[in-house]
Structure formats: C-alpha cells, structure tokens
Amino acid sequence: MKKLLTLTAATAMIFSSLLFSACSDAQKTNTAGTSAASSASQSAATSDSAEFNPYATDNIYDVGDKMFEKRRGVDYGTVLKDVTYYSATAGDNKQCNILLPAGFDESQTYPVMYVFHGFSGSHSDQIDTDSYLTLLYGNMLSEGLAVPQIIVNVDMYTDRQADKESKTPEELRYSYDKAIDDVAVDLMPFIEEKYPVKTGRENTAVAGMSEGGAKALCTGFKWLDKFGYIAGFAPDTGVIPTEYHKGTFWNTPVLQEFPQPTAENTPYYVYMAVGSEDPWNIDCTMYYHQVLDEMDVKNQTDYVEGYEHDYIFWRQCFYNYLTKTFR
C-alpha cells in the first residue's frame, strides 16, 4: 500500500529545511503518511455534483495495473495524430495529438485538457494508440470515473522545426519555455475553432510531468484567466527563483513569482505530487508548495512513498487529476 502526505504550510517548512541539507532519509522519517483510500471510495467521493470539492478527499496512489491495460469491449475514443497548426510564437507550424473521447458527438461541447510531455519528449508521449493516458482515460470513462473531455498532447518544442535536431539541451529548455505562450496564444484558439470545446477557465485544464510539470505550472499561473485546473507532477526547477540546481540552465526561472490569484481567477484545483524516490525534484516541488501556501493559494500537494520519476508515477497522478477536473 503506497503512503502519502498531503502537506500543510508547516510541514512544507520542515521539508524545505531538510531538503536544503539534502537529507532525503530524514524526509522519510518525518513523513507520517496516511493509508491510501480504496478505488471504490475514491469513485464514490468524486460523483458529479455542483458542490464538488476536489480538495475534500485524499488522492490515492495504489491504482492497480488493470486500470492502465487495454480491455475488451471498451471504447478508447479516437486519437488524431500529428494535427498541424500554425504557431506565431514559434514562427512555424507545430503539431499536437488530440484524443476525442468515447462517444464523441460533434453536436456536443467538451471541456479540454492540455498535457505537456517531459524533457526531450514529444506530443505523442501521453496521447497515442494504446499509450498509458489513452488507456487510463478510456477505462476511467467507461467506469464513470472521469468527465468526457478532449485531451490535447502538446509539443513543447516551440521554434523552427528544421532546427530541432541540432538543439542542445539548454536550447531545448528555452524553446520549451515558449510553449507557455504558444498554448495560450496559438494552440487554444486553433482547438476552439476546429473542435467542439467549451471555453472559459472552468472548462480548461493543464497538466504535465517533470519539465512539462514546470511548464504546466507556468502556463496555468501566467494565464489564470484561461486555466481553472493546474497540475504539475514532480515539476522541474525553473518556475520561480529557487536555490536548487543553481548555476545551470535548469534553474533559470520563467516567472519571478507566482501571480497572486484574485477572486475572479482563483484556480478550482491546483495539484502537485512527487515520489519519495525521485532523484531530482522533491525539493523544488516542496518549495513550490510552500510558496503557494504562504500566498494562501489552495493546493493539494502529495509526497508519496515508493515512487520514482517515471510514467509509473505519472499514470497514478493522472488518475487522481482526472477524478477531480471538470466536476
């Protein structure tokens, strides 16, 4: 049974001091985790309601492998691959993959989730034929655990496509930063014009893992008027100034601080999570949580025993996020 700690401002301060001394063993000692709830109780807690509160229930991290496997008789929707749009931010065409949900009806409108991949990934990492998010979402939808929505897998590379293969890791990092504006300025209008999506921040989510988690936080908070749901799974440094990875391109912040939400643009749900065996991003995830708590920005941040920095963890995080968006 995986254990988690949903953090408060006080526990974040403890984590922060421990992490500055690079003492991961002490972290584990100070993590008094609670047992994860069963999938059945999570399902009951996330029934659709006008009064649904995504913060009212703990997230769970012991979702069984069957939820991520292809099942006979389940409709996994339609994956549209390599959909091309023009990005003024990139000065070139870009591509994305789009998942239309099972039972898709062009006469209906759907909320939309934008998903960022990790470093050196692509727009096919999460949404593709039989990819883990495609299968997870299809299974959840068939069991009534998620809301019908369109999911867009973003390509974070935002420069001339002909130059992509020659980019250094540092150059890629800064190209990925441009995706923050590309999504809001170029991709969202394209999706809203071509597909039957609901508009408004109450109908728009963003998520990502690792470097994509950092970009999801940057995108959601820079464009609070456009995104009502924001999630970063083990996000990298580089969102706001931190002490971590100083002297490297990973540390260069996109934002000088998290914008302070107003009554009109406070996110409906902010979710972060990191595994206890993550080799890179425990400290910065905890720091982002601490800063948001100090700003009185509500967030659900989980430190989860036993998980590393990989898709095994990402898919658990997506399960939780999908149960809580657009309710």
Asker: Could you report the tightest heavy-atom contact between I230 and A216, atom names first, then the distance?
Answerer: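 Heavy atoms only, the tightest pair is CG2-O, 3.8 Å.
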Asker: Should D278 and E308 count as side-chain neighbours, where that means a heavy-atom distance under 4.5 Å?
Answerer: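 When only atoms from C-beta onward are counted, E308 and D278 do not touch, as no gap falls below 4.5 Å.
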Asker: Could you walk me through whether I127 and V115 pass the side chain to side chain contact (heavy atoms under 4.5 Å, CB included) check?
Answerer: CA-CA 9 Å; I127 297 300; V115 175; 5.8 Å; no
Asker: Are V297 and V291 connected into the same hydrophobic cluster when the rule is that any two of I, L, V, M, F, W, Y join if their side-chain heavy atoms are below 4.5 Å apart?
Answerer: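 Linked within one cluster.
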Asker: Checking the side chain of T266 only, and the main-chain atoms of P261 only, is there a donor and an acceptor separated by less than 3.5 Å?
Answerer: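 No: the side chain of T266 does not pair with the backbone of P261.
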Asker: Looking only at side chains, do N139 and K70 share a donor and an acceptor under 3.5 Å apart?
Answerer: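 Result is no, nothing qualifies.
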Asker: Spell out, yes or no, whether V112 and L141 are grouped together once hydrophobic residues are joined by side-chain heavy atoms under 4.5 Å, including indirect joins.
Answerer: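 Both belong to a single hydrophobic cluster.
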Asker: Verify whether the ring centers belonging to Y176 and F119 lie closer than 6.0 Å.
Answerer: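 Yes.
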Asker: Are T262 and E264 close enough that a side-chain donor and a side-chain acceptor fall under 3.5 Å?
Answerer: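 Distance-only check passes for T262 and E264.
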Asker: Side-chain contact test, heavy atoms from C-beta onward, threshold under 4.5 Å: evaluate it for Y303 versus S276 and give yes or no.
Answerer: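 Answer yes - side chains close enough.
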Asker: Would you mind checking if D163 and K167 are paired as a salt bridge, meaning a charged N to carboxylate O distance below 4.0 Å?
Answerer: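 Answer for the salt bridge query: no.
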Asker: Can a side-chain donor-acceptor contact be found between H123 and D82 if the only test is distance below 3.5 angstrom?
Answerer: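 Judged by distance alone, the side chains do pair up.
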Asker: Supply the atom-to-atom distance E243 CD to D283 CG, rounded to the nearest 0.5 angstrom.
Answerer: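 Spacing of CD (E243) from CG (D283) equals 11.0 Å.
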Asker: Mark yes or no for whether N203, through its side chain, and T199, through its backbone, hold a donor-acceptor pair below 3.5 Å.
Answerer: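 Pair found, side chain donor or acceptor close to backbone of T199.
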Asker: With respect to Y271, which candidate in F233, F318, Y288 satisfies the ring-ring contact (aromatic ring centres under 6.0 Å, His included) definition?
Answerer: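 Looking at F233, F318, Y288, the match for Y271 under the ring-ring contact (aromatic ring centres under 6.0 Å, His included) is F233.
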Asker: Given Y321 and M113, is the side chain to side chain contact (heavy atoms under 4.5 Å, CB included) satisfied, shown in steps?
Answerer: CA-CA 11 Å; Y321 197 45; M113 180 184 296; 3.7 Å; yes
Asker: To check you understand the geometry: which heavy-atom pair defines the closest contact between N153 and D125, and what is its length?
Answerer: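 Nearest pair, atom of N153 first, then D125: OD1-N, 3.6 Å.
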Asker: Using side-chain heavy atoms (C-beta onward) and a distance below 4.5 Å, is P101 in contact with Y137?
Answerer: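 Yes, close enough: below the 4.5 Å cut-off.
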Asker: For Y244, does its backbone N or O pair with a side-chain atom of N251 as donor and acceptor, under 3.5 Å?
Answerer: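 Looks like yes, one N/O pair under 3.5 Å.
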Asker: Taking I98's backbone N and O only, do any of them form a donor-acceptor pair with Y195's side chain (distance below 3.5 Å, no angle check)?
Answerer: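 No, because the side chain of Y195 does not come within donor-acceptor range (under 3.5 Å) of the backbone of I98.
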Asker: What residue among D182, D155, D186 forms salt bridge (Lys or Arg N to Asp or Glu O under 4.0 Å) with K94?
Answerer: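 For K94, the salt bridge (Lys or Arg N to Asp or Glu O under 4.0 Å) test succeeds with only one of D182, D155, D186, which is D182.
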Asker: Could you tell me whether the side chains of Q95 and K81 share a donor-acceptor contact shorter than 3.5 Å?
Answerer: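 On atom types as modelled, these side chains do not qualify, holding no pair under 3.5 Å.
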Asker: What I want to check is whether the side chains of D293 and N299 have a donor and an acceptor closer together than 3.5 Å.
Answerer: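 Yes, N299 and D293 have a side-chain donor paired with an acceptor closer than 3.5 Å.
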Asker: Establish whether M188 and V185 are linked, either directly or via other cluster members, by ILVMFWY side-chain heavy-atom contacts under 4.5 Å.
Answerer: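 Yes, M188 and V185 fall within the same hydrophobic cluster.
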Asker: Can you tell me how far apart CD1 (I60) and CG (D302) are? Round to the nearest 0.5 Å.
Answerer: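 Going from the CD1 atom of I60 to the CG atom of D302 covers 11.0 Å.
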Asker: Report the residue from Y55, Y229, F52 that forms a ring-ring contact (aromatic ring centres under 6.0 Å, His included) with Y269.
Answerer: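 So, applying the ring-ring contact (aromatic ring centres under 6.0 Å, His included) to Y269 and each of Y55, Y229, F52, only Y55 qualifies.
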Asker: Quick check: does any side chain N or O of Q149 sit under 3.5 Å from a backbone N or O of V147, one acting as donor and the other as acceptor?
Answerer: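 A pair under 3.5 Å: yes.
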Asker: How close do F313 and G275 get, heavy atom to heavy atom, and via which atoms?
Answerer: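 What the structure gives for the nearest pair is CE2-N, 3.6 Å.
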Asker: Is D225 salt-bridged to R201, cutoff N-O under 4.0 Å?
Answerer: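 No salt bridge links D225 with R201.
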Asker: For E143, is there an ion pair with R71 - N to carboxylate O distance below 4.0 angstrom?
Answerer: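 Answer for the salt bridge query: yes.
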Asker: I'd like to know if F68 and L145 are part of one continuous hydrophobic network [Ile/Leu/Val/Met/Phe/Trp/Tyr, side-chain heavy atoms within less than 4.5 Å].
Answerer: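 Yes; tracing contacts between hydrophobic side chains, which count when under 4.5 Å, links both residues.
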Asker: Donor-acceptor pair, distance only, cut-off 3.5 Å: does the side chain of R173 make one with the backbone of T252?
Answerer: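 Yes: the side chain of R173 pairs with the backbone of T252.
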Asker: Could you give the distance from OG1 (T89) to CG (D177), rounded to the nearest 0.5 Å?
Answerer: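 Taking OG1 in T89 and CG in D177, the distance rounds to 12.5 Å.
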Asker: Would you name the heavy atoms of E106 and P196 that are closest together and state the gap between them?
Answerer: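 So the two residues come closest at O-CB, 3.9 Å.
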Asker: Find out if a path of hydrophobic residues (ILVMFWY) with successive side-chain heavy-atom gaps under 4.5 Å connects W280 to V304.
Answerer: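 Each belongs to a different hydrophobic cluster.
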Asker: Is there a donor in the side chain of N97 and an acceptor in the side chain of S124, or the other way round, less than 3.5 Å apart?
Answerer: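 Yes, a side-chain donor-acceptor pair sits under 3.5 Å.
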Asker: Could you walk me through whether F221 and F227 pass the ring-ring contact (aromatic ring centres under 6.0 Å, His included) check?
Answerer: CA-CA 8 Å; F221 277 91; F227 295 91; over 10 Å; no
Asker: Closer than 4.0 angstrom, basic N to acidic O: yes or no for K164 and D92?
Answerer: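 Salt bridge: no.
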Asker: What about the rings of Y319 and Y61, do their centers lie closer together than 6.0 Å?
Answerer: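 No, too far apart.
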Asker: I need the K194 NZ to E192 CD distance, nearest 0.5 Å.
Answerer: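 Reported value, rounded in 0.5 Å steps: 13.5 Å.
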Asker: Any donor-acceptor pair under 3.5 Å linking the side chain of T204 with the backbone of G200?
Answerer: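 Yes.
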Asker: Show your working on side chain to side chain contact (heavy atoms under 4.5 Å, CB included) between L217 and T219 and close with a plain yes or no.
Answerer: CA-CA 5 Å; L217 293 176; T219 302; over 6 Å; no
Asker: Would you check if T158 and Y174 make a side-chain contact, meaning some heavy-atom pair closer than 4.5 Å?
Answerer: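 No, side chains not in contact.
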Asker: Less than 4.5 Å apart, any side-chain heavy atom of V206 and any of V183?
Answerer: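 No - every pair of side-chain heavy atoms lies 4.5 Å or more apart.
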Asker: Given side chains that start at C-beta, do those of V197 and P111 come closer than 4.5 Å, heavy atoms only?
Answerer: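 No, every pair of side-chain atoms sits at 4.5 Å or beyond.
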Asker: So, for Y157 and S175, which heavy atoms are closest and what is the spacing to 0.1 Å?
Answerer: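 Residues Y157 and S175, closest heavy atoms: CD1-OG, 3.3 Å.
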Asker: Could you label the plane-to-plane angle of the W314 and H309 rings as parallel, tilted or perpendicular, counting under 30° as parallel and over 60° as perpendicular?
Answerer: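 Perpendicular, since the angle between the ring planes exceeds 60°.
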Asker: Does the side chain of K324 reach to within under 4.5 Å of the side chain of Q300, using non-hydrogen atoms?
Answerer: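 In contact.
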Asker: Looking only at non-hydrogen atoms, find the nearest pair between T285 and P235 and report the distance.
Answerer: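 Looking at all heavy atoms of both residues, the closest pair is OG1-CD, 3.3 Å.
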Asker: For the atom pair OG (S210) and CZ (F116), what is the distance rounded to the nearest 0.5 Å?
Answerer: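 Output value for this atom pair is 13.5 Å.
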Asker: Quick one: are W250 and E211 in side-chain contact, heavy atoms under 4.5 Å?
Answerer: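 With C-beta onward as the side chain, the pair touches.
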Asker: I need the N320 CG to L322 CG distance, nearest 0.5 Å.
Answerer: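 Reported value, rounded in 0.5 Å steps: 9.0 Å.
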Asker: Kindly indicate, with the supporting measurements, whether the criterion side chain to side chain contact (heavy atoms under 4.5 Å, CB included) is fulfilled by L187 and C96.
Answerer: CA-CA 9 Å; L187 181 54; C96 62; 4.0 Å; yes
